[in-house]
**Q** 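The structure under discussion is supplied below as structure tokens; questions concerning it will follow.
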There are 2 protein chains.
Amino acid sequence: MSFTRNAEIAQFGGKLFKLSHDLSTTNTKMDVNVFVPTTSGKVPVLLYLSGLTCTPNNASEKSFLQFFAAKYGFAIVFPDTSPRGAKIEGEDESWDFGTGAGFYVDATEEPWLKNYKMYSYVHKELQEKLAEEFPKLDFETISIAGHSMGGFGALSGFFTNPGKYKSVSAWAPIANPLTCPWGKKAFGNYLGSNEELWHKYDPTHLIGTYQHEHQPDILIHQGAADGFYYKDHQLQPEKFVEAAEASNYKGKVDLNVVDGYDHSYFFISSFAEAHAKHHAKHLGLSSSL
Amino acid sequence: MSFTRNAEIAQFGGKLFKLSHDLSTTNTKMDVNVFVPTTSGKVPVLLYLSGLTCTPNNASEKSFLQFFAAKYGFAIVFPDTSPRGAKIEGEDESWDFGTGAGFYVDATEEPWLKNYKMYSYVHKELQEKLAEEFPKLDFETISIAGHSMGGFGALSGFFTNPGKYKSVSAWAPIANPLTCPWGKKAFGNYLGSNEELWHKYDPTHLIGTYQHEHQPDILIHQGAADGFYYKDHQLQPEKFVEAAEASNYKGKVDLNVVDGYDHSYFFISSFAEAHAKHHAKHLGLSSSL
């Protein structure tokens, strides 16, 4: 038995499954939610990566993405943001590192390396396990999106798996973790002091060196009233666009800085339709738009 | 100063205001959320009454009514479900009575009668105060809806204010509180043993005796997999329909028992579009549908 089905909830004509499973990559039990629309036959998949502190439930309850997934005909996978209960000293000390803050990287440093393998988990093991559990889900036709830390994870995962994800989008992504406090803290602890390794995950670095021919347009929304953006400079989407402009990706990053919006799920849900349409188009669902 | 503005959050092009104010009806501070769309000029209002245990935030975060309110051009008022912090002995002892469970009635019994005046609060004082605070909101063009205890409150308030609400709808309403455990407990405590007074609030009793000429069709959704419905018999929408069929309201209650749906916000959001359209039509917004 691969997954425990903790709940199966009807929504928008489809089903939201609340699952948990024991993982070899993270050596812990992981929770994951999956929304499956009623569309007949195989359905493409959107992998949605959440931000700091979130569980799979937050986005499932507040993003409103399922409404559009049901309408356009794709599934959504909502993974957790870190291993939980790994019993590592210090993992629960801060909200921006450790539990709820796995940063979708594979840790190389003690004491994190045994459990904090979120990169391998979300891009590989989770997808393989879900493909077995839900044959209806077509993991060959998959896109990726995320918010904040998850926006970083989505961009990072898109560039490091060239050709795998049909499209990518992000709400308020941590676009240049190499140069912001959240990124430095997480990378320093998970990846150690070798900054070469940090470059492997940094979207702003990655877009500048990306060579693969698969270059779909990238959709980003950023709230102008988001304190992490205009005050704390944790997000820096302009650096990502600047790097894109100096690269092969020139002209293909659609950054929308939207007046008045903050960093919350109210911001995410407000642009859920735009992101869902973006992915539906790239997932071959244009006829449902 | 009537209201304290605790937050002002951009969503779907409009604004969600998180407010609090001190009330003469409840003698406590009350929280209320208000969504105001960007539509120019005066906008009609939907009063949404939440179910047991909820604060104004739950529906604001999870119902997705705002998406449709922004699209069709109406405001939404999300009141709290009871006074909070009235410091009455026993008010926090159970989840289905007292705090979070005001049942939208005016208590007549000690020790509740000084604070638990939710009927006067939601149908009168709150609306008067909000009309002053937000001149944009047209409280002469108002409809009412609710979930569970709030579905009861919506139906009850519609019939006891003939002609006031342009339309009414409910998700899984407590349709016949006179005959269910939740209703008996709440009415017994708030209203005492005089069952005549109970009749004044009971939707199933009220629809049977309603004489006013304003008789818009009533929309109800009920999840077939809702344990409060099929197991505990707390909701009983069929009794309400039965009473309607024997009354002037014959043929005008549209009860939809929907397979697989539970009692949660996943159920509410799944039918938010249908309810929003129902009210938009009655609020004179047909051109936006």
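Chain A is the first sequence line, chain B the second, and so forth, proteins listed ahead of strands; every chain is numbered from 1.
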**Q** Please report the closest heavy-atom contact between B/Ser60 and A/Phe266, naming both atoms and the distance.
**A** O-CE2, 3.5 Å
**Q** Report yes if some heavy atom in the side chain of A/Phe67 is under 4.5 Å from a heavy atom in the side chain of B/Phe64; otherwise report no.
**A** no
**Q** Working to the nearest 0.5 Å, report the span between CZ of B/Phe267 and CD of A/Gln11.
**A** 12.0 Å
**Q** Measuring from atom CG of A/Asp262 to atom CD of B/Glu8, what distance do you get when rounded to the nearest 0.5 angstrom?
**A** 11.5 Å
**Q** Check this for me: B/Lys277, atom NZ, are more than 12 non-hydrogen atoms of other residues, nucleotides or ligands nearer than 6.0 Å?
**A** no
**Q** Testing the basics here: between A/Ala10 and B/Gly260, what is the closest heavy-atom pair and its distance to 0.1 Å?
**A** CB-O, 3.4 Å
**Q** Which bit of B/Ile268 is near chain A, if near means a heavy-atom gap under 4.5 Å: side chain, backbone, both or neither?
**A** neither
**Q** Go through the atoms of A/Glu273 and report whether side chain, backbone, both or neither lie under 4.5 Å from a heavy atom of chain B.
**A** side chain
